[in-house]
Amino acid sequence: MTKTLLKVENLRKYFPIRGGILSKKVASVRAVDDVSFDVYEGETFGLVGESGCGKTTLGRCILLLTEPTEGKILFEGTSLTELKSRDLQRLRKEMAMIFQDPYSSLNPRMTVADIIGKPLDIHNLAKGEEKTKRIIEIMKMVGLSPEHLYRYPHEFSGGQKQRIGIARALAVNPKLVVADEAVAALDVSVRAGILNLMRELQDKLGLTYIFISHDLSVVKHICDRVAAMYLGEIVEIAGTDELFNNPLHPYTQALISAIPIPDPAVKRKRIILEGDPSTPIDPPPGCRFHERCKYADERCRTEKPPLQEMAPDHWVACHEIRRSSLVEDKP
């Protein structure tokens with residue numbers, strides 16, 4: 001039986017909007033709204049969706065880099081939101097994050113040795129020669145030369161910077177790594193190298209990834225299971241092959257139909273969504289996708305659909321499920 005490493009239950013994150021002379025709270029941005037899912041040990045769990053759907057905020061909440069408004073985050077059965085700061089500090093070395101922009105996520109005043117060694121200092125894991133030995137070991141693991149030890153970030157390419165970020169994340173031997181758009185800022189040729197590196201490290205170190213991305217072709221390549229988010233909510237969760245071959249939610253179908261096919265002789269049926277996403281400040285009642293869904297009826301406009309298991313390990317939040325009509329046609 002697969003062990004559950006992380007369990008997220010009814011997680012919410014609302015950002016207050018303040019106005020007036022006294023800066024009173026007048027509204028809230030519902031960035032993450034009642035999200036629940038499990039992540040299994042050793043898997044790569046993907047989070048996909050349009051820009052602004054809440055993917056990054058969800059990832060930051062899981063690591064408590066952003067304090068959740070409500071909900072539970074259970075890591076190996078321990079509730080992170082209920083821990084005291086000292087206990088949470090001890091548990092933080094089990095979790096790490098790879099940030100989207102390798103240019104801004106590294107301190108330009110710190111050398112590679114300082115950047116990778118900082119987590120070791122914070123958690124008192126190594127000092128002196130042992131620390132240097134550990135840093136060099138990690139650098140070799142991610143494809144960096146020990147000659148780079150005392151260089152600064154501006155002396156590296158984008159791909160090398162991201163390798164430094166990965167090395168920093170792995171310095172404390174974490175079990176869970178949240179990769180937030182880890183290859184989005186890189187050239188296509190460099191992306192392949194970073195993705196292959198992440199897979200090699202996962203096999204070697206037994207890592208579990210939460211992989212956040214808007215690039216579904218990358219997600220299809222690297223993830224074991226995928227969750228689609230829309231306006232702060234998860235609308236579909238399934239295994240990667242099941243989700244891409246049999247998407248059940250109209251939003252997921254539209255996302256997958258937009259993936260380009262690198263073959264001019266093959267054409268995919270394209271689903272065009274009309275209108276723009278509603279604002280997370282005042283989301284619509286019922287299903288949040290109903291304003292852009294061609295299947296929506298009165299029930300969709302008034303009643304929020306629960307996330308239900310419609311097939312083995314395939315969960316969908318939709319009242320009007322229609323089988324995918326995404327067929328690849330030859331002209």
Side-chain angles (χ1 to χ4, degrees), residues 2 4-8 11 31-32 35-63 73 95-100 162 166 169 174-186 188 191-192 194-203 206-249 251-260 307 309-317 324 326:
T2 306
T4 299
L5 181 70
L6 180 79
K7 180 181 278 293
V8 176
L11 192 68
V32 177
V35 166
S36 300
F37 61 91
D38 295 343
V39 178
Y40 304 129
E41 193 174 62
E43 77 167 339
T44 300
F45 183 84
L47 278 174
V48 302
E50 296 172 303
S51 296
C53 71
K55 305 185 300 293
T56 294
T57 301
L58 176 56
R60 293 180 65 87
C61 284
I62 289 171
L63 299 185
I73 303 165
M95 301 170 284
M97 189 164 190
I98 301 171
F99 296 93
Q100 175 177 355
Q162 195 60 291
I166 293 172
K175 295 180 180 178
L176 174 68
V177 176
V178 177
D180 180 19
E181 302 277 11
V183 296
L186 306 177
V188 174
R191 289 184 188 184
I194 296 297
L195 291 173
N196 291 334
L197 172 65
M198 291 179 66
R199 275 196 159 179
E200 291 171 9
L201 293 171
Q202 184 176 35
D203 294 337
L207 298 171
T208 302
Y209 290 133
I210 295 178
F211 192 84
I212 300 170
S213 180
H214 65 271
D215 189 334
L216 271 74
S217 58
V218 171
V219 169
K220 185 178 182 180
H221 172 70
I222 197 172
C223 294
D224 301 301
R225 290 190 304 135
V226 182
M229 285 191 71
Y230 183 79
L231 210 62
E233 297 181 341
I234 288 181
V235 297
E236 188 164 4
I237 303 176
T240 302
D241 290 339
E242 170 69 12
L243 188 83
F244 280 82
N245 295 329
N246 185 32
L248 297 180
H249 196 283
Y251 174 63
T252 314
Q253 293 173 5
L255 288 179
I256 293 174
S257 77
I259 302 175
L307 198 62
E309 190 173 19
M310 305 304 297
D313 296 321
H314 192 157
W315 300 77
V316 188
S324 171
L326 303 180

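Here L248 contributes atom CG and H314 contributes atom NE2; the two are 4.0 Å apart, rounded to the nearest 0.5 Å. In this structure, E236 CD and Y251 OH are separated by 11.5 Å, a value rounded to the nearest 0.5 Å. Taking CZ from F37 and CG from L47, the interatomic distance works out to 5.5 Å, rounded to the nearest 0.5 Å.
The backbone N or O of E242 sits nowhere less than 3.5 Å from a side-chain atom of N246 that would complete a donor-acceptor pair. Using modelled atom types, no side-chain atom of E50 and backbone atom of Y230 make a donor-acceptor pair closer than 3.5 Å. Panel note: side chain K55, backbone G49; a donor-acceptor pair is recorded below 3.5 Å. Panel note: side chain T240, backbone C223; a donor-acceptor pair is recorded below 3.5 Å. Looking only at distances, a side-chain donor or acceptor of Y209 sits under 3.5 Å from a matching main-chain atom of M198. One N or O on the side chain of Q162 and one on the backbone of F99 form a donor-acceptor pair closer than 3.5 Å. Under a 3.5 Å cut-off, the side chain of D38 and the backbone N or O of K7 do not form any donor-acceptor pair. Counting only distance, with no hydrogens or angles, the side chain of Q100 and the backbone of D180 share no donor-acceptor pair below 3.5 Å. Here the side chain of E41 pairs no donor or acceptor atom with the backbone of T208 at under 3.5 angstrom.
The shortest heavy-atom contact between P247 and T252 is CB-CG2, 4.0 Å. Residue V183 comes nearest to V218 through the heavy atom pair CG2-CG1, 4.3 Å, listed as atom of the first residue, atom of the second, then distance. When all heavy atoms are compared, the tightest approach of I259 to S217 is CG2-CB, 4.4 Å. Here the closest heavy-atom approach between residue S36 and residue I234 is recorded as O-CD1, 4.3 Å.
Salt bridge present: R191 and D215 bring a charged side-chain N and a carboxylate O closer than 4.0 Å.
Looking at heavy atoms from C-beta onward, F45 lies in side-chain contact with I237 at the 4.5 angstrom threshold. Counting heavy atoms from C-beta outward, L216 and F244 have side chains that approach closer than 4.5 Å.
Tested against F211, the residues L195, V226, V177 include a single side-chain contact (heavy atoms from CB on, under 4.5 Å) partner, L195. If you run side-chain contact (heavy atoms from CB on, under 4.5 Å) between I62 and each of V32, T57, L6, only L6 comes through.
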